[in-house]
Amino acid sequence: MRAFVVIVFSITCSLFSPIQALDNGLARTPPMGWMHWQRFRCITNCTLYPDDCISDRLFRKMADLMVSEGYLEAGYEYLIIDDCWLAHERDREGRLQPDADRFPHGIKDLADYIHSKGLKFGLYEDYGTKTCEGYPGSLGYLEIDAQTFANWGVDYVKLDGCNSKLIDMPKGYTDFGKYLNQTGRPIVYSCSMSAYFEFKHIPANYKLLSQICNLWRNWEDIQDSYASLKRIVDWYAWRQYRIAKWAGPGHWNDPDMLIIGNFGLSYEQSKAQMALWAILAAPLLMSTDLRTIRPEYKELLQHKEIISINQDKLGIQGKRLPLFISIRENIEVWTRPISPVENGFYSYAIVFYSKREDGHPYAIKFTLRKIGLKNAKGYVVSDVYDSTSGTKILQIDDEFIIRVKPTGVVFLKAIPVAS
Ligand SMILES: *[C@@H]1O[C@H](CO)[C@@H](O)[C@H](O)[C@H]1NC(C)=O
Ligand SMILES: *[C@@H]1O[C@H](CO)[C@@H](O)[C@H](O)[C@H]1NC(C)=O
């Protein structure tokens with residue numbers, strides 16, 4: 001009987017064993033950095049908007065602040081330029097070139113500066129004929145562009161998918177990944193292909209993506225609003241059984257940038273984004289003006305414990321619990337297995353996310369068992385956003401009451417009691 005079980009088990013394992021995921025040694029935890037798009041978009045008139053335009057000056061300033069304000073130390077290492085850095089024409093040899101007025105020293109010089117600060121450098125291109133904003137795309141130039149990027153010292157490429165055909169994408173994104181690899185320079189590869197499939201309600205090929213990309217955008221761009229944040233969180237929740245399993249060290253689902261510090265989210269909603277992005281094992285790509293960010297938002301972005309949960313080395317993406325647990329109260333429960341693992345029991349990050357808008361901290365009663373935690377010896381539980389509250393030992397059937405603010409979260413961490 002035992003032998004039979006072992007055989008069945010090993011067959012099952014080989015059938016379902018994760019296929020060769022991309023292993024370029026990079027993004028073993030979700031990438032962290034700063035990306036310009038959400039906050040600075042395609043502002044290109046530097047006469048009119050000298051402080052905000054997509055330019056050498058903006059990125060040097062952000063690089064300085066990432067270091068001097070402690071973001072690098074907190075883990076944010078990539079400074080990533082999104083669309084609108086390019087000139088409208090390639091050079092005579094067919095190579096990409098930046099807009100000469102806005103990047104007067106060229107990209108290599110900017111990359112050197114960013115590296116000199118101890119940061120890594122990311123750059124945007126598009127697989128199609130043109131980028132989303134109409135600058136030259138990579139189609140027909142994939143190999144040249146990969147080499148140009150490597151020559152410039154690029155450490156991270158975001159390859160968008162505007163102005164291309166779905167049917168060409170799987171091969172095109174695979175080829176670009178090969179060309180990146182052939183440069184010999186380790187470059188994180190972020191693929192937008194999946195978003196273009198999912199927009200058209202065609203499930204993307206995540207198996208392929210996990211073999212060729214370090215991260216991939218699944219769906220629509222985030223906008224600076226709570227409505228957008230909520231739509232994206234819902235999208236992941238409803239598709240989690242299809243999508244979450246493809247995340248792991250080296251390859252991640254990307255629900256898009258953090259909008260914390262901008263105009264659209266309240267403080268509680270900002271706490272919610274930080275917490276949910278930790279559950280989702282999402283890349284942490286800030287997109288905010290580091291010159292003017294308010295201290296409470298900076299503190300959220302640099303929250304040590306949340307970052308360490310987001311960056312947990314097991315790399316397991318969390319999920320929303322089945323709705324029958326939360327539907328009545330309209331407060332969702334999200335959990336993510338994290339380290340340490342004690343006697344075979346995971347620790348858990350647990351987020352109670354209130355979809356309620358009736359303006360008071362709504363009280364809700366739970367037991368750890370109801371949330372799916374099973375260690376009979378109990379758990380050491382702490383409130384991640386309230387470090388003053390200390391830790392408590394809870395048995396799995398102990399009832400506890402939490403109060404969740406409207407559109408906000410309560411974020412708990414539970415570590416299994418070992419003995
Ligand atoms: C920038 O805006 C000013 C004022 O509207 C305009 O005169 C100028 O032509 C613009 N420059 C560019 C490069 O578009
Ligand atoms: C290229 O691919 C090989 C095989 O997957 C991998 O071992 C190597 O680290 C890659 N090199 C770069 C620079 O990405």
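As the structure lists them, so they are numbered: ligands from 1, and atoms in each ligand from 1. Nothing fancy with the numbering, it's 1 onward along the sequence. Side-chain atoms are counted along with the backbone in the values below, which use heavy atoms only and exclude waters and symmetry mates.
T29 places no side-chain N or O within 3.5 Å of a backbone atom of Q311 that could act as its donor or acceptor partner.
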Steps toward ring pair (Phe, Tyr, Trp, His ring centres under 6.0 Å) verdict (Y173, F176): CA-CA 5 Å; Y173 276 81; F176 191 71; 8.1 Å; no
Verdict with supporting geometry, Y385 and H303, ring pair (Phe, Tyr, Trp, His ring centres under 6.0 Å): CA-CA 9 Å; Y385 274 126; H303 197 292; 5.5 Å; yes
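Between K117 and D64 there is a salt bridge, with a side-chain nitrogen of the basic residue lying less than 4.0 Å from a carboxylate oxygen of the acidic one.
Here's the thing with N181: one of its N/O atoms is less than 3.5 angstrom from an N/O atom of ligand 2. Distances between N or O atoms of N45 and those of ligand 1 include at least one value under 3.5 Å.
At least one protein heavy atom sits closer than 4.0 Å to atom 3 (C) of ligand 1. The presence of a protein heavy atom under 4.0 Å from atom 11 (N) of ligand 1 is confirmed. Checking atom 8 (C) of ligand 2 against the protein gives a heavy-atom contact under 4.0 Å.
Screening W246, W216, Y236 for a side chain to side chain donor-acceptor pair (under 3.5 Å) involving N253 leaves a single residue, W216.
The aromatic rings of Y156 and Y78 sit tilted, their planes meeting at an angle between 30° and 60°.
Counting atoms of ligand 2 from 1 in the listed order, those under 4.0 Å from a heavy atom of G184 are 13 (C).
L48 CD2, 4.0 Å is the protein heavy atom nearest to atom 5 (O) of ligand 1.
With a 4.0 Å heavy-atom cut-off, ligand 2 is reached by the backbone of D23 but not by any atom from C-beta on.
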